[in-house]
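Hydrogens, waters and symmetry mates are skipped; everything else that's a heavy atom, side chains included, is used. Since the structure is predicted, the reported quantities are computational estimates derived from the model, not experimental observations.
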Amino acid sequence: LVQKPPHILLVLVDDFGWGNVGFHRPDDHGEEVRTPTLDALAKDGIILDRHYVAPMCTPTRSAMQSGRIPLHVQPMLAGPCVAEGGLYRNMTGMAEKLKLGGYSTHTVGKWDAGMATPTHIPKGRGYDTSFGYFGHGNWLWTEATWEGSYDRMGPLPGIDIIDLWDTDKPAYGQNGTGVFEEWIFREKLDAILDNHNESEPLFLFYAPRMAHYPLQAPPEYQERFMDIEEPHRRVYAAMISVLDDQLKHLTDAFKQKGLWNDTLMVLSSDNGGFTHSVQSCNETVASMDPTVTNGTSCFNSEAGANNYPLRGGKYSNFEGGTRVNAFVSGGLIPENMRGTTMEEMISVADWYTTFCGLAGVDHTDERAAAAGLPPVDGLDMWPLLSGAVPSSPRTEFLVSSNTLIQGQWKVMVGKQHGAGWAGPHYPNISTVDHAVADTTITCDPACLFDVLSDPTEHNDVAKDHPDVVQSLVARLDVLKASIVKKNMKDDPACRDAAFARYGGWYGPWMELD
């Protein structure tokens, strides 16, 4: 049993490919995958081999903050100007619960879980301080909002709205300084630790910009991987190297502060790595415009990551999209559990309830219940992680309206996108016209995979187990009725407020007066 509330370091990486970390490539990654810090942290903790999330970012991030499975809070992508995007107005956030347990709560990095009102932003969800951006991604030297991939577009796009927020106001004066965004985040993380009262438990949620599109990294990091010819893959590898260095700096700071021995660190990706076809990248140098970028930038297609040997990637329901890099580490992990790999099922929703249990707080969301909203789905995983019990309390995870994982089985029905496999060095010149994301299959009436014995989903065994298929399809039909429905249209008033109220910066636009 935990005698006192531990410090909690929660790291939610962006678009982190299964095959882009050393602990998943121990024998064949060569010089392309260099993640010594991530590998050491995983080795000193527990690798979570079946940690499931949504196959895209907003649903996963909303699930993490709310304790609901993604389909019970935010079923699809939602930009910051979607009024109903992210957590429902009357759901209680993870940090709000931990505040009840006496925690000091802080977040740095990506939010992507709602922005419509002051209640939707991190401060309204219980964070004492926050610094970061609201959308899916921003440009790493200007903090201008990323408007999505461009179709073979040549020049870098001009600056539109700035996406950078400091707790309760735009981060005026802190963008476009020529400093790489992750180094700004590092300064904020250092300040949080420097100012932390050690008598209080700390909850720090770090959501790095690595390695979402557009792909950008400091030239000195890109130079580490000049042996990789394909530019998307090279810059992506550089971004993961930035992540690795960031985590070394952060965990070293925890140790220097004397916090690490009482810390539970949880790291997960928000979905699998992106696997679209490669297009052109741009070369720009500091002498041209240091506030835009340095070195190579890739922004014409979401390509560069690799989920080898898993099937699929971001946006797909195959394991490469929804089964992600994850581990727990820190001094709170019992000695006998360190250095192990766990194949028990855990979902992104479970950390809410797990953290509440460690904080001595009831995870029940009474405010949501009063509003008729879905209850918390998360299950307490600390008995499993501590070794007190051998099996996970989670036995199923609803991926989408046409995909369900239950125990060892995964049933898929209908059309399934992103059905390809990557090789160990993906993408490359031979995959230009054969991208993983471009492959589609139809499961008619259903496909069945044993994802314990066949995690790469090469063998459809539906014909061998008709009773299992029938049972899982019936269960899927029941569960998909619980998927919430939302209006995903942008509210034009959001963009109007960005200019009229904030001078060209994103921020809440409703319930302000």
Decide yes or no for [X] and [Y]: does some side-chain heavy atom of the first lie under 4.5 Å from some side-chain heavy atom of the second?
X	Y	result
L243	F16	yes
L452	E343	yes
I192	D194	no
R25	Y308	yes

Please find the pair of heavy atoms, one from G273 and one from A305, that lie closest to each other, and give the distance.
CA-CB, 3.6 Å

K257 atom NZ, over 12 foreign heavy atoms within 6.0 Å
yes

Inspect the surroundings of NZ in K255 and state if more than 12 heavy atoms from other residues, nucleotides or ligands are less than 6.0 Å away.
yes

Can you tell me if [X] uses its side chain to pair, donor with acceptor, with the backbone of [Y] under 3.5 Å?
X	Y	value
T403	V399	no
T354	M381	yes
Y103	I8	no
R209	H212	yes
T107	F205	yes
Q416	F318	no
S316	G313	yes
D128	H106	no
N307	G272	no
Y506	P170	no

What is the distance from atom CG of L48 to atom OG of S268, rounded to the nearest 0.5 Å?
8.5 Å

For the residue pair [Y] / [X], report whether a side-chain donor-acceptor contact shorter than 3.5 Å exists.
X	Y	answer
D244	T37	yes
N138	T145	no
Y52	E319	yes
T58	Q74	no
E230	N428	no
W111	H120	no
H51	N325	no
Q65	Y127	yes

Going by side chain to side chain contact (heavy atoms under 4.5 Å, CB included), name the residues that satisfy it together with E220, two or more places apart in sequence or in a different chain.
P218

Who passes side chain to side chain contact (heavy atoms under 4.5 Å, CB included) against A238, sequence neighbours left out?
A217, Y221, Q222, F225

Partners meeting ring-ring contact (aromatic ring centres under 6.0 Å, His included) with W18 (sequence neighbours left out)
H24

Verdict with supporting geometry, D262 and H7, side chain to side chain donor-acceptor pair (under 3.5 Å)
CA-CA 6 Å; D262 297 312; H7 307 298; 5.1 Å; no

For [Y] together with [X], are the ring centres under 6.0 Å from each other?
X	Y	answer
F274	Y236	yes
W505	F499	no
W141	F180	yes

S392: which residues meet the side-chain hydrogen bond (donor to acceptor under 3.5 Å, both in side chains) condition with it, sequence neighbours left out?
none

side-chain hydrogen bond (donor to acceptor under 3.5 Å, both in side chains) partners for T105, two or more places apart:
none

Apply side chain to side chain donor-acceptor pair (under 3.5 Å) to the pair H249 and D190, showing each step before the final yes or no.
CA-CA 9 Å; H249 182 91; D190 285 346; 2.9 Å; yes

So that I can tick it off, tell me whether [Y] and [X] are bridged by a salt bridge, with the cut-off set at under 4.0 angstrom between side-chain N and carboxylate O.
X	Y	result
E32	R233	yes
D44	R338	no
R394	D350	yes
R323	D49	yes
K410	E457	yes
D160	R495	yes

Aromatic plane relationship, F185 with Y133 - under 30° parallel, 30 to 60° tilted, over 60° perpendicular:
parallel

Keeping to residues at least two apart or across chains, list the salt bridge (charged side-chain N to carboxylate O under 4.0 Å, His left out) pairs with something in residues 304-318.
D15-K314, E302-K314

Sole residue of R34, Q246, R224 in side chain to side chain donor-acceptor pair (under 3.5 Å) with S241:
R224

Between T60 and D270, does the side chain to side chain donor-acceptor pair (under 3.5 Å) criterion hold? Intermediate values first, please.
CA-CA 6 Å; T60 291; D270 61 351; over 6 Å; no

